[in-house]
Amino acid sequence: MYLKFINIKLASTDRDMSISYPKAHQVIVIGAGHAGCEAALASARMGCKTLVLTANLDTIGLMSCNPSIGGIGKGHLVKEIDAIGGEMGKAADATAIQFRRLNTRKGPAVQATRTQADRQAYKAYMRKALESEAKIDIKQRMVQGFLAEGGRVVGVKTNLGEHFFSDTVVVTPGTFPNGLIHIGLTKISAGRAGEAAALGITDSFESLGFKVGRLKTGTPPRFDGRTINWDILEVQPGDDDPIPFSFSSEKIERKQLPCYITYTNRRTHEVIRNNLHKSPLYSGHIKGVGPRYCPSIEDKVVKFSDKDRHQIFLEPEGIETYEIYPNGISTSLPLDVQHEISRTITGLENVEIMRPGYAVEYDFLDPTQLSPTLETKHVSNLFFAGQINGTTGYEEAASQGLIAGINAARLVKGEETFVLDRSEAYIGILVDDLVTKGVDEPYRMFTSRAEYRLILREDNADLRLRERGHKIGLVNDQDYEKFMNKKNRIQMELDRLENTKVLPNPKTNKILEQLESAPLKKPQTLKVILRRPEISYRELSFLDPPSSTFVNSDISSQICMEVKYEGYIQRQLEQVDKFKRIEQIKIPNDFSYVSIPGLSKEIIQKLSKIRPGSLGQASRISGVTPAAISVLMVYLKRGDLKGVKGYASRSS
């Protein structure tokens, strides 16, 4: 397949053309946002010569929207990125200006970390990270399309007429493909405020046969902090002793700043209602579907009309700036209306807007056109990651970039693919949801998407994924040795708790009485005592002095969770075993569903479109019934597939 818009047929002579870049690369990464940075760093650290092509060198690693990393579900992704050997967690630790643990009053499975980052510092950190990698070249170019031959991509073409050749290409263009900004009824062709849209690349997607859709996202106005009345606002401080994102970070030393809370009110909502006809969202000018879980303020006022107010977090953009991000009032209303809305809010009566809020529409690809490695099904050697796959959020983008970069490098090196399943990681859930179910709105990660969230906690991401990261070459020996020491300490302490008994004598029972815990009637192990809700390592140390060494240890909370939730964890592990069994029933890629009796035409169409790699993935396709899965299982389990059309050509 050749790209018609390029209007060339690649032959040996084309590689010698004067516009062809002479230096050979194994991986080209298009874009240097959160997905692009992780993809490039992964492929380079795995030994591949990597070229990053970005429209603007000054926006490498830019936080386009809110200046934060993590949150519910998202924090799990960051921890997993770090455990595998990605960079986002380290960048967040190095540039954070506030750390907060979320959901601390709830169970450990849904507790999460969120940081406010210094936007400029984060961007500088990521650029330095890329420039410090010897195997990464970076060039400021706008990619116009792909070079393809024989059903595979072999490089890209820029708007300057250059041809860059490579073994694989990773596409991470963010919101730039045909990006269109809306501020009121004013439309601006841009992928981000002040940056030109990528107008040609969607044509290349369609030329390769990809199905393209349209989504939208938005951002709030930015305020001048010098014009905010901070004294009357509610302060939201960070954690006193913040827990780092990265398992490689020892301690957070950076200066922390507070955030502040205010609220919209009835006056605010009245201004919004009076100006809805000026909103491109409600006037029909915006065609793309927006994120349900991060609606604009006008959307909130309309859809939650019973609410008298909506919370706003005033978040600093950095230490060296007065610019403030008002999280909670994303809008695409005209600038004069944004001023009027803002000044109805407590503390913002005299606020000045430094940057207007806006909505941006952009093209995306139906992610069911991808395999779980994020390589496209239509064309070989081509990977997509980030918002182009229909996701929203830095963390979701970075996760995909990491997976795409790893698999691009492993494809170059002739190594087996790197895929995480739903029982291993939130990253596995993210990718599986995208390639199996597709999206009809921007996808955002939540803990509720995880079937096994008790064993997929933030705190044990390294125990789940560190060894895999080391095996593929992304976790260095020093970090791996540190991890193994931690893993061994945990196991040794769990063994000690299991084998150390406490006797029911007067001294022991008096201590338990003082701790408001039931006395012992027979000898009990330390593990059984620690299982009591009112007993932590601090209390346990009164009964068992050696336990005092774990009171302020980095692993005490993890051990407590393993002990206190042991029964629930064991139950989930049994569920995972059942999940693994159905996941292990593989479906050949060229399997023909047409020849199987008992499958409806609708189900045959769905299965033929998605091409699930396993019976488990097939069961998660929307509309595929349990009865259909049972029919498939019969054919796949008995191994008698030679009569099924499309299977005979596949080698055993």
Side-chain angles (χ1 to χ4, degrees), residues 21 23-64 67 69 78 81-82 84-96 117-143 156 158 162 164 166-174 176 191-192 195 198 245-246 248-249 374 383-388 394-395 397-409 412 469 472-476 479:
Y21 188 69
K23 188 174 181 180
H25 291 93
Q26 294 166 299
V27 179
I28 289 177
V29 177
I30 301 173
H34 301 283
C37 287
E38 294 292 352
L41 289 169
S43 63
R45 289 168 178 173
M46 292 171 68
C48 292
K49 294 178 181 177
T50 302
L51 172 64
V52 176
L53 298 175
T54 177
N56 189 346
L57 290 175
D58 296 328
T59 58
I60 291 174
L62 177 66
M63 307 177 88
S64 305
I69 297 291
V78 181
I81 290 168
D82 183 76
I84 296 169
E87 198 67 26
M88 178 172 269
K90 295 185 180 72
D93 288 346
T95 62
D118 185 313
R119 186 191 298 272
Q120 294 302 320
Y122 189 96
K123 184 177 69 169
Y125 177 101
M126 274 301 186
R127 177 165 179 172
K128 183 177 180 181
L130 264 64
E131 291 180 343
S132 298
E133 287 294 330
K135 289 187 176 293
I136 290 181
D137 291 327
I138 308 171
K139 296 191 180 298
Q140 182 168 294
R141 301 288 195 279
M142 180 69 81
V143 173
V156 300
T158 73
E162 298 165 291
F164 291 92
S166 67
D167 297 321
T168 58
V169 176
V170 181
V171 185
T172 70
F176 282 79
R192 218 165 19 210
E195 295 184 67
F245 260 126
S246 176
S248 302
S249 301
L374 298 183
F383 297 78
F384 287 96
Q387 284 178 287
I388 189 68
Y394 309 146
E395 304 82 2
S399 298
Q400 295 170 72
L402 180 64
I403 297 300
I406 290 171
N407 281 303
V412 168
I472 63 175
L474 287 183
V475 175
N476 62 45
D479 283 339

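The CG atom of Asp82 sits 8.0 Å away from atom CG of Asp479, with the distance rounded to the nearest 0.5 Å. Expressed to the nearest 0.5 Å, how far CG of Leu130 lies from CD1 of Ile138 amounts to 4.5 Å. Separating the CE atom in Met126 from the CE atom in Met88 is a distance of 6.0 Å, to the nearest 0.5 Å. The distance from atom NZ of Lys139 to atom CG of Leu57, rounded to the nearest 0.5 Å, is 9.5 Å. How far OG of Ser64 is from CZ of Phe176: 6.5 Å, rounded to the nearest 0.5 Å. Distance CD/Gln26 to OG1/Thr168: 8.0 Å, rounded to 0.5 Å.
Judged purely by distance below 3.5 Å, without hydrogens or angles, the side chains of Thr95 and Asp118 never pair a donor atom with an acceptor atom.
Two residues are said to be in side-chain contact when any heavy atoms from C-beta on lie closer than 4.5 Å; Arg192 and Leu62 meet this criterion. Under the 4.5 Å side-chain criterion, counting only non-hydrogen atoms from C-beta, Glu395 is in contact with Ile69. Here the side chains of Gln400 and Phe383 are not in contact, with every heavy-atom distance at 4.5 Å or above. Residues Thr54 and Arg141 fail the side-chain proximity criterion, which asks for heavy atoms closer than 4.5 Å. For the pair Leu41 and Ile136, the minimum side-chain heavy-atom distance is below 4.5 Å. Looking at heavy atoms from C-beta onward, Lys90 lies in side-chain contact with Glu87 at the 4.5 angstrom threshold. Here the side chains of Asp58 and Gln140 are not in contact, with every heavy-atom distance at 4.5 Å or above. Contact of the Val143 side chain with the Val171 side chain is not registered, since no non-hydrogen atoms from C-beta on lie closer than 4.5 Å.
Counting all heavy atoms, side chain and backbone alike, Ser43 lies closest to Ala409 at CA-CB, 3.9 Å. In this structure, Gly31 and Val52 approach most closely via the heavy-atom pair O-CG1, 4.1 Å. When every heavy atom of Ala385 is checked against every heavy atom of Ala404, the shortest pair comes out as CB-CB, 4.0 Å. Nearest heavy-atom pair across Ala42 and Gly405 is CB-C, 4.2 Å. Across every non-hydrogen atom of Ala55 and Met142, the tightest pair is CB-CE, 3.8 Å. Across all their heavy atoms, Glu38 and Leu402 have their closest contact at CB-N, 3.8 Å.
Between Lys49 and Asp137 no salt bridge is recorded (no basic side-chain N to carboxylate O distance below 4.0 Å).
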Quiz item: Can you check side-chain contact (heavy atoms from CB on, under 4.5 Å) on Val169 and Ile30, steps first, answer last?
Solution: CA-CA 8 Å; Val169 176; Ile30 301 173; 3.9 Å; yes
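Between the side chain of Ser248 and the main chain of Ser246, no donor-acceptor pair closer than 3.5 Å is present. Not one N or O on the side chain of Ser399 forms a donor-acceptor pair closer than 3.5 Å with the backbone of Ile81. With Glu162 contributing its side chain and Tyr21 its backbone, the two residues share no donor-acceptor pair below 3.5 Å.
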